[in-house]
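Structure record follows, encoded as structure tokens.
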Amino acid sequence: MNDAVSMFLMVGGGLGMFLLGMKHLSEGLQAISGSGLRKFMSLATTHRLAGVGTGLVSTVIVQSSSIITVMAVGFVSSGLLNLTQAINVIIGSNIGTTATAWLIAFAPDVKMLGLFAVLLGAGFYFFMRRERVRDTGLALMGLGFIFMGLYWMKEGMEPVRSMPAVVETFRSLDATSAWGLFKCVLVSFVFTAVVQSSAATTAIAMTLAQQGLLSFEAAAATVFGMNIGTTATAWLAAFNGSALARQTALAHTLFNVAGTIVIIPFFVPVILPFATSFFPNYADAVVANGVTTYPNVAAPMAAIHTLFNLITTACILPFVTPFARLVARIIPADAAEKPHLSSLNASAHIAPVIACDQALLEVDFMKESDLELLTGVRKVLTGEADQKLEDHIAHREDVLDNVQREVTEFLGKIMVKRVPVEVAERARRLLRLTDELESVSDEAATVLKVTRRLRKGGQDFSESSLGVLLDVHDRTVTFAEWISSLVKSPRQAFDLAAVQAESKALHELVRTSRQRQLNRVGPNDPNSPIRVLVELDILNAYERIRAYYLNIAETLAGGK
């Protein structure tokens, strides 16, 4: 009983430390790379092989195929990649994820290496002030936790040798038979889907094989199940999302399933002999204190993992375009569907950089919607708007309220993670932009409401008053269009002084227009106070719109 509890605590704790290490390593490396990772992944649009290479290198950089897969889902949802390009990235990430297996296979004394990495990383993280150095420390601590987790899992497996029932269970996983191979695939699939880490499955399979508890063939066969199980993360990211996001997740799953089906018949007669031929001493046993271990089996397992992904890549890469068409047929996308934030699940392994890209899409939608609303408001003032247009203005204002709330909640969930300063500043800018743009929609709705109230009372603007209002409107819209053109990524340089000068001129126009309307109040027109009050409300709305767009420009220029 004590041995069982000890084994559970050591293996479970080691696994937890390993997963925590993977998380810290990935977050630290992402923070170090910052927006450079997003820029690097954009290379996937240039060529098919560039897409594969981008996925491969990016996965090696962040040590997580799940991160890169979710980024691919986000890029597709954002319209930054098409489905074919995303599949190329996913193919590359499958190859890149084997780097973790090689790292585990050739790590020397994992206990001492882990302690050294944690010591060095803690020194950087807790005692240095430069953010990049602290991020490096976080990554080093993550690497150390990975090695320490491997050590404790290995130590925790020792009592298993004295448990005949457990040993017999492991030995029943015989990959040389069809039924045994199926069980190996199923177990590794379920475990990987649960822990959402193919690296964890690889580490445990290698540990069991080194301890002699699992045959080399069975441990190597886990590569099939883990490659399918790791696609669960993409489904979590795309579950409540757009059809484009689900297409990307499906492509990842179908790709790995197809590769498994194609390669499994050749696993025992071809793949195993070929991989082990490079490591002739893989089956050498080491006996110490009466315990037999097989320390050399990890390297050929890493080779089989890499070989599997290289073969599936060679099989599918020439047919990526028709494969993408097949996926699009299985999950058809509405051509009118607009990418939106719910296409990603904030609880998934989404990179903060991609979260900002997704939020920028909503900002683009808001700025275009505001310009559309202002165009509609002009028709309201001139009396050209019908009931449908007026209802559309009111409805779109409600929509933008919801969009602002969605962006705030979305970025709020993402920004609790550790992020680089530049990404955090970008997120704050996006939040400020959504607040200002939503306020513009509120003022457009205000103009609609007061104009409706005036006409409902049987009055309307005089010709001269309408001329004043339209003059202010047109100048405000021109200013709004200018500022809206500056909202893009990457941010472009512009003359803030010129923007401020135009804003000041527009402010003076509104001020003089208000005074002119006040001067129209007189005894010859008993209804003039009510009409002028409405006109002042409208002019005040345009004054606030001017201020909101000035705030946007100052925010883009780096103002607080």
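Note: hydrogens, waters and symmetry copies are ignored here, and every other heavy atom, side chains too, is used. Quantities reported herein were computed from a predicted structural model and do not represent experimental measurements.
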For the rings on F278 and Y282, is their centre-to-centre separation under 6.0 Å? no

Go through the structure and list residues passing side chain to side chain donor-acceptor pair (under 3.5 Å) with N402, not counting sequence neighbours. R405

With sequence neighbours excluded, tell me which residues meet ring-ring contact (aromatic ring centres under 6.0 Å, His included) with F224. F267, F308

Anything under 30° is parallel, anything over 60° is perpendicular, the rest tilted; go ahead and classify F106 against W102. parallel

T192: what forms a side chain to side chain donor-acceptor pair (under 3.5 Å) with it, not counting sequence neighbours? T201

Just to verify, what does T222 make a side-chain contact (heavy atoms from CB on, under 4.5 Å) with, not counting sequence neighbours? S188, A205, M226

Using ring-ring contact (aromatic ring centres under 6.0 Å, His included) as the criterion, list what pairs up with Y548, not counting sequence neighbours. none

Non-neighbouring partners of L49 that pass side-chain contact (heavy atoms from CB on, under 4.5 Å), sequence neighbours left out: H47, L317

Taking salt bridge (charged side-chain N to carboxylate O under 4.0 Å, His left out) as the test, write out the residues that go with D364, two or more places apart. K367

Show your reasoning for whether side-chain contact (heavy atoms from CB on, under 4.5 Å) applies to M301 and F216. CA-CA 8 Å; M301 283 183 60; F216 168 72; 3.7 Å; yes

F116 meets the ring-ring contact (aromatic ring centres under 6.0 Å, His included) criterion, sequence neighbours left out, with none

Residue list, side-chain contact (heavy atoms from CB on, under 4.5 Å) with Y294, at least two apart or on another chain: A285, T292, V297

Residues that A258 engages under side-chain contact (heavy atoms from CB on, under 4.5 Å), provided they are two or more places apart: none

Quick one, N94 with N227, criterion side-chain hydrogen bond (donor to acceptor under 3.5 Å, both in side chains). Give me CA distance, side-chain angles, the key distance, then yes/no. CA-CA 8 Å; N94 278 1; N227 271 274; 4.6 Å; no

If we ignore hydrogens and angles and just use 3.5 Å, is the side chain of D435 paired with the main-chain N or O of L431 as donor and acceptor? no

Which residues pass the side chain to side chain donor-acceptor pair (under 3.5 Å) test with T231, not counting sequence neighbours? T253

Does T207 have any side chain to side chain donor-acceptor pair (under 3.5 Å) partners at least two apart in sequence or in another chain, and if so, which? none

Determine whether R134 and R130 make a side-chain contact, defined as any pair of heavy atoms from C-beta on separated by less than 4.5 Å. no

